[in-house]
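First up is the structure itself, then whatever we jot down about it.
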2 protein chains.
Amino acid sequence: MKWQRMHKARANCVACPVLSQGLCGALNDQEALRLSSVSWHRRFSAGQIIHAEGEKPSYFCAVMTGVVKLMKSLPNGDQQIVGLLLPGDFLGRPFGGDSRSSAIAATNVRLCSFPRAVVEGLASESRVVERWLLDHVSDELEKAQDWIVLLGRMSAEQRIATFILSVMRSTHFEDAAAPKSCDEILIELSLSRTEMADYLGLTIETVSRQIARLRERGVIKVGASRTMIIRQPEALEATLEAALPGEGPKSTVRI
Amino acid sequence: MKWQRMHKARANCVACPVLSQGLCGALNDQEALRLSSVSWHRRFSAGQIIHAEGEKPSYFCAVMTGVVKLMKSLPNGDQQIVGLLLPGDFLGRPFGGDSRSSAIAATNVRLCSFPRAVVEGLASESRVVERWLLDHVSDELEKAQDWIVLLGRMSAEQRIATFILSVMRSTHFEDAAAPKSCDEILIELSLSRTEMADYLGLTIETVSRQIARLRERGVIKVGASRTMIIRQPEALEATLEAALPGEGPKSTVRI
DNA sequence: CGCGTCATTGAAATACTTCAACGACCGTGG
DNA sequence: CCACGGTCGTTGAAGTATTTCAATGACGCG
């Protein structure tokens, strides 16, 4: 397995999440070589603009480490995060025009960049590349639809709980297979309070208060520098089942 | 027979919006023939379930006429519309598994249905089909991101204004080219108040009240059966520019 | 030490929801 | 034909979750 992968890519791709989870894993040797020969790495520190709204990006980027936020601004200065990119995710719309949102590093970020033309050429020639792109965009669409539900129908408490759980699951996904009894789960939020507010459609104060309430209830323990310890994951999940007590969820389909 | 059919589509495709705006327009003669030979039309009346959340749809559908709503339900019975499909749009995730939302006819609907396998086969073989799908899903993602901004950051008044404007633009798009002086624009909402509420992340009462306010201000005139006349489109647009009076939009990029 | 950013907390304001009642419309059946 | 019940939309009054405004504390850095 590992041996086979060694052929696929250059040495510095071996430990790259883009290979294990992202686009590069879908490539054959020839394609991987072609792509890696024109790729280069870029670093951005937290807060730096990777590219601005309205610009046509001249390259595609795969996220290697860190978190990238996609933001939109309103005329009054409000901002809304419309997506978060994690390692393995892709930045830039294939065959698209100007970007409709700006991409900003939420943490320190390492990107693997490829010229637009090369990726588009690869996609036009390779069935698997175009298929991977289609699947990836479809996944992003489904995530966006989940977020629409969150923003449209959830209370502040539920939004916070959802966010914490999603961060937990994205970093401790192995717990699903092996439910260790270590019920003290340490997570790193990687977002400031302001960014959480922009992501969850709340104000910074509401975010702070809801986190304080969870802390007071003993559900979480807030650590320094955007870390937190989850002591009662069930309590977080319980807030999401907003069904009325003593009554199952209404199964009536509204027409 | 065969020679006579070498034009792009069957007779009943001629006036079809899927041909002019949707997938079928991207096909060559051979592909169009292949697809149309296995397609069949279905009708749904308003409120009927086209397919349910969690099921794997066995066919893809293109919307010919009417509006389809994609909905998600919460355990407490709340619902949220996560997308609206208009004529030319496509229903069903290519190469996807179970549907993550249910599709319900919002109005009377006519669909053109194709077996999954045929569309997937076509996409695997034809570059343009897969490209069209990619572009279409990417468009849907961008629309979803715009909706995230609406749900995350807009007031009820702004949501209503945005919705009315979007309906107006989708039916009177030609006005952009030729700004006729007929400033009485008649639109058909094609959504009930309940559906508007589910779409905009509000309650039915709030929707009703906001529409009443617009009517009282003379911005719109509410007609029967989900129609309305827009008298001051500028007023609707003005509510979206929520910039503070006498002051331009803040251009400071928050980090 | 002082300064800036970020987070927390309190009190007041408000936008939206919830609860409740009523009116309009429409097909059904007497 | 009109009375009846159903759905849908409107409106009012009360309640509440969240925002807004404002002040303070914690932390890192020159």
Side-chain angles (χ1 to χ4, degrees), chain A residues 45-47 74 76-80 106-108 150-161 163 188-216 220-228 239 242 244 252-255, chain B residues 45-48 74 76-80 106-107 150-161 163 188-216 220-228 239 242 244 252-255:
Chain A
S45 46
L74 277 82
N76 66 8
D78 271 6
Q79 308 203 246
Q80 175 71 36
T107 65
N108 291 342
L150 178 137
L151 294 172
R153 287 292 168 231
M154 287 192 188
S155 67
E157 182 184 14
Q158 292 174 314
R159 297 183 200 197
I160 296 285
F163 176 71
E188 164 129 16
L189 294 180
S190 72
L191 254 51
S192 69
R193 292 287 186 271
T194 301
E195 287 167 329
M196 288 179 63
D198 286 345
Y199 194 33
L200 299 170
L202 302 169
T203 60
I204 179 175
E205 294 95 332
T206 303
V207 171
S208 190
R209 271 186 263 264
Q210 292 296 337
I211 290 178
R213 286 188 53 190
L214 289 174
R215 176 168 41 73
E216 286 157 16
I220 59 171
K221 227 165 91 178
V222 180
S225 75
R226 297 172 191 180
T227 63
M228 93 180 17
T239 66
L244 303 161
T252 38
V253 173
R254 187 164 64 203
I255 294 177
Chain B
S45 47
Q48 274 194 294
L74 276 82
N76 66 10
D78 272 4
Q79 308 203 245
Q80 174 71 37
T107 64
L150 178 136
L151 294 172
R153 288 290 169 234
M154 286 193 189
S155 66
E157 181 185 13
Q158 292 174 315
R159 296 182 200 198
I160 296 285
F163 176 71
E188 164 127 19
L189 294 180
S190 74
L191 253 51
S192 69
R193 293 286 186 269
T194 302
E195 288 168 328
M196 286 179 64
D198 286 345
Y199 194 34
L200 299 170
L202 301 169
T203 60
I204 179 175
E205 294 95 333
T206 303
V207 170
S208 189
R209 270 185 262 263
Q210 291 297 336
I211 290 179
R213 286 188 54 190
L214 288 174
R215 176 168 40 75
E216 286 157 15
I220 60 171
K221 225 164 95 179
V222 180
S225 74
R226 297 171 190 180
T227 63
M228 112 185 348
T239 67
L244 304 160
T252 38
V253 173
R254 186 164 64 200
I255 294 176

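Sequence lines set the chain letters: A, B, ... in the order given, protein chains first and strands last, and positions in each chain run from 1. Values below: all heavy atoms of this structure, side chains included; hydrogens, waters and symmetry mates excluded.
- Atoms CG (Leu214(B)) and C1' (dT10(D)) sit 15 Å apart, rounded to a whole Å.
- Atom CG of Leu214(A) and atom CD of Glu157(A) lie 6.5 Å apart (nearest 0.5 Å).
- A donor-acceptor contact shorter than 3.5 Å links the side chain of Gln80(B) to the backbone of Asp198(B).
- Protein atom CG of Asn76(A) is 14 Å distant from nucleotide atom P of dT19(D), rounded to whole Å.
- Arg153(A) contributes a side-chain N or O that, together with a main-chain N or O of Leu202(B), makes up a donor-acceptor pair within less than 3.5 Å.
- At least one donor-acceptor pair closer than 3.5 Å links the side chain of Arg159(B) to the backbone N or O of Leu151(B).
- Here Arg193(B) pairs with Leu189(B), Met196(B), Ile204(B), Val207(B), Ile211(B), Val222(B) under the side chain to side chain contact (heavy atoms under 4.5 Å, CB included) rule; sequence neighbours left out.
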Are there any protein N/O atoms within less than 3.5 Å of an N/O atom in nucleotides 13-16 of chain D, and if so, which ones and at what distance?
none

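- As judged by a 4.0 angstrom heavy-atom cut-off over every strand, Ala212(A) is placed among residues touching the sugar-phosphate backbone only.
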Apply side chain to side chain contact (heavy atoms under 4.5 Å, CB included) to residues Phe163(A) and Leu150(A) and explain how you reach the verdict.
CA-CA 10 Å; Phe163(A) 176 71; Leu150(A) 178 137; over 6 Å; no
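- Within residues 199-208 of chain A, the residues having any heavy atom closer than 4.0 Å to DNA chain C are, in order of number, Glu205(A), Ser208(A).
- Residue contacts for Ser225(A): at a heavy-atom cut-off of 4.0 Å it reaches no nucleic acid atom on any strand shown.
- Rounded to an integer number of Å, the gap from CE of Met196(A) to P of dC6(C) is 15 Å.
- One distance of note links CE of Met154(B) with CG of Asp78(A); it measures 10.0 Å at 0.5 Å rounding.
- Taking atom CZ of Arg193(B) as the reference point, atom C1' of dG9(D) lies 7 Å away to the nearest angstrom.
- OP1 or OP2 of dT11(D) sits under 4.0 Å from a side-chain N or O of Arg215(B).
- Distance Arg226(B) CZ to dT10(D) P: 11 Å, rounded to the nearest Å.
- One atom, CZ of Arg153(B), and another, P of dT18(D), lie 13 Å apart when rounded to the nearest Å.
- Atom pair Leu151(A):CG and dT18(D):C1' shows a separation of 15 Å (rounding to whole Å applied).
- No side-chain donor-acceptor contact under 3.5 Å links Gln79(B) to the backbone of Leu74(B).
- Residues Arg226(A) and Ser192(A) are in side-chain contact: their nearest non-hydrogen atoms beyond the backbone lie under 4.5 Å apart.
- The interatomic distance linking Asp78(B) (CG) with dT17(C) (P) rounds to 11 Å, in whole Å.
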